[in-house]
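Let me begin by presenting the structure, written as structure tokens, before commenting on it.
Within every chain, numbering begins at 1; the chains are lettered A, B, ... in the order of the sequence lines, protein sequences first and strands thereafter.
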Protein chains: 2
Amino acid sequence: MATAARALAPSPPAVHERLYRALRTRIMLGELPPGRALTLRGIAAEERVSMTPAREAVRRLVAEGALTLSASGRVSTPALSVERIEELAALRALIEPELASRALPRAHFALIDRLAAINTAIGEAAQNHDAVGYIRTNLEFHRTLYLRAQAPAMLAMLETIWLQLGPTMRAVYQRMRRNEAPRHHRMILAALRAGDEPALRLAVRTDVTQGLRHLLPAPADAGR
Amino acid sequence: MATAARALAPSPPAVHERLYRALRTRIMLGELPPGRALTLRGIAAEERVSMTPAREAVRRLVAEGALTLSASGRVSTPALSVERIEELAALRALIEPELASRALPRAHFALIDRLAAINTAIGEAAQNHDAVGYIRTNLEFHRTLYLRAQAPAMLAMLETIWLQLGPTMRAVYQRMRRNEAPRHHRMILAALRAGDEPALRLAVRTDVTQGLRHLLPAPADAGR
DNA sequence: GCGGCCCTGATGTGATCACAAGGCGGGCAT
DNA sequence: ATGCCCGCCTTGTGATCACATCAGGGCCGC
């Protein structure tokens with residue numbers, strides 16, 4: 001695709017692609033608060049281009065659920081309802097253990113070492129109270145593992161879920177004043193080293209549901 | 001959203017929305033073969049509009065994986081690799097039992113009766129060798145059940161998976177000369193009537209994997 | 001003081017144009 | 001006859017414009 005083409009020849013990527021990447025990153029990392037309004041002309045002016053590519057980038061992000069359109073077509077980051085957050089968390093809890101399980105047979109030492117290093121970076125971001133850094137390294141931890149699953153369609157679907165949760169994530173990690181990396185990450189690493197598939201599934205699933213539990217009101221059946 | 005607005009006032013929906021719906025339906029029902037090339041000007045001319053709304057509709061469908069862009073930006077329906085089909089089938093097998101399970105507590109008699117009626121229609125389409133009709137009624141069966149789960153985000157994600165499988169589905173149902181509705185649908189109905197949640201999950205999961213097994217080469221570990 | 005109404009400016013939508021890239025076919029050389 | 005090359009013409013991209021819609025603020029009347 002476009003990425004590969006750019007890797008071969010340094011031809012500038014299409015403008016709408018660049019806008020898309022930029023917005024997508026900002027949204028996924030939680031740099032935009034939920035409910036933040038955006039305008040096509042504003043996005044376009046920011047990069048000194050016309051509205052056309054801005055429209056295309058926004059349309060694409062809306063299709064992925066990263067942005068929402070009001071009835072009159074105004075664009076904003078989504079302000080998720082509790083029910084929707086619960087659904088998205090449940091989807092993560094379904095897909096991520098599956099990806100981890102598929103990655104397990106291919107997880108050699110070098111990968112586990114890299115995951116451990118990323119986990120250290122997560123801890124540093126947590127100590128610095130760097131919310132964006134925390135989200136970015138946390139996602140990098142998961143993505144690095146799941147890339148080994150060799151399941152691009154699943155990973156793509158999962159990333160759109162992360163994307164939808166992006167603006168909300170920021171609120172989560174600001175609320176919980178965390179000082180260290182998620183404790184379940186160590187369990188994930190241990191299960192990977194041991195080649196223990198059930199333990200890995202459980203650790204991943206718990207990591208996901210723990211991370212989002214803070215957003216759900218009643219801790220009643222959050223783990224159903 | 002736009003649908004609700006249209007329901008209140010019969011104002012015509014936005015052109016790009018209309019194009020999107022039309023294309024989406026044709027793709028999901030398998031009316032377009034895999035690898036079919038489309039052009040923005042062609043889509044636009046078909047409905048006597050300019051390229052702009054056609055571009056938006058296509059961009060949206062590309063974001064959902066319903067269409068693919070070649071390196072030079074040409075648009076076509078995706079020709080899925082076997083690996084990708086397996087991934088999408090696995091995603092269906094993860095998400096659909098969950099949706100069925102969530103729908104179970106809300107599944108009253110009227111719903112089960114309606115599902116049985118739809119199932120009859122599936123059988124009729126099968127006997128008439130009506131591939132598009134078969135796919136449409138089959139999806140309607142599943143969607144009708146899952147709508148009761150009150151999980152719009154999950155259902156939306158699932159529909160994008162169906163969408164990606166659309167062009168390929170056509171090939172499946174032409175290959176297997178089926179004469180009746182999927183046999184697991186009866187098991188789904190029975191589990192719903194009995195309120196048996198594990199049986200329902202199993203029946204749904206089996207229905208999904210059986211339906212797509214014909215596309216996978218070696219029947220070795222398709223059900224892993 | 002306050003609530004409702006109207007107007008204006010901002011915003012999204014669709015059409016049209018200019019341009020660059022590339023696919024495909026015809027034509028030429030061997 | 002066949003293979004290659006070149007040029008045309010289709011195709012996607014970005015810019016610009018006209019227009020309908022609507023949100024928000026100011027103004028008037030109570």
Which residue in the set B/Ile122, B/Val204, B/Ile118 passes side-chain contact (heavy atoms from CB on, under 4.5 Å) when paired with B/His185?
B/Ile122

Spacing between B/His16 atom NE2 and C/dG14 atom C1', to the nearest angstrom
10 Å

Can you tell me if A/Tyr20 and A/His16 form a side-chain donor-acceptor pair at under 3.5 Å?
no

Below the 4.0 Å mark, does D/dT11 have OP1 or OP2 next to a side-chain nitrogen or oxygen of B/Arg55?
no

What are the residues of residues 36-48 of chain B, sorted by number, that bring a heavy atom to within less than 4.0 Å of DNA chain D?
B/Leu38, B/Thr39, B/Leu40, B/Arg41

Between D/dG12 atom C1' and B/Arg59 atom CZ, what is the distance in whole Å?
9 Å

Does the side chain of A/Thr52 get closer than 4.0 angstrom to OP1 or OP2 of D/dG14 through an N or O atom?
no

Closest listed nucleotide, where the reference is the side chain of B/Arg74 and the choices are D/dG12, C/dG12, D/dA15:
D/dG12

Find out whether B/Arg170 and B/Val132 are in side-chain contact, i.e. whether some heavy atom of one side chain is under 4.5 Å from a heavy atom of the other.
yes

Atom pair distance, as rounded to whole Å: CG in B/Leu69 and P in C/dG23
13 Å

As a quick check of understanding, evaluate side chain to side chain contact (heavy atoms under 4.5 Å, CB included) for A/Leu88 and A/Leu80, giving each step before the final call.
CA-CA 10 Å; A/Leu88 293 171; A/Leu80 301 183; 3.9 Å; yes

B/Met51 atom CE is separated from C/dC19 atom C1', nearest whole Å, by 12 Å

Can we say A/Arg102 and A/Glu98 salt-bridge, meaning some charged N sits less than 4.0 Å from an Asp/Glu carboxylate O?
yes

Can I get a per-line list of side-chain donor-acceptor pairs under 3.5 Å for residues 156-164 of chain B, giving both atom names and the distance, sequence neighbours left out?
unit_1, atom_1, unit_2, atom_2, d
B/Glu159, OE1, B/Arg143, NH1, 2.9
B/Glu159, OE2, B/Arg143, NH1, 2.9
B/Thr160, OG1, B/Met157, O, 2.8
B/Trp162, NE1, B/Glu96, OE2, 3.1
B/Gln164, NE2, B/Glu64, O, 3.4

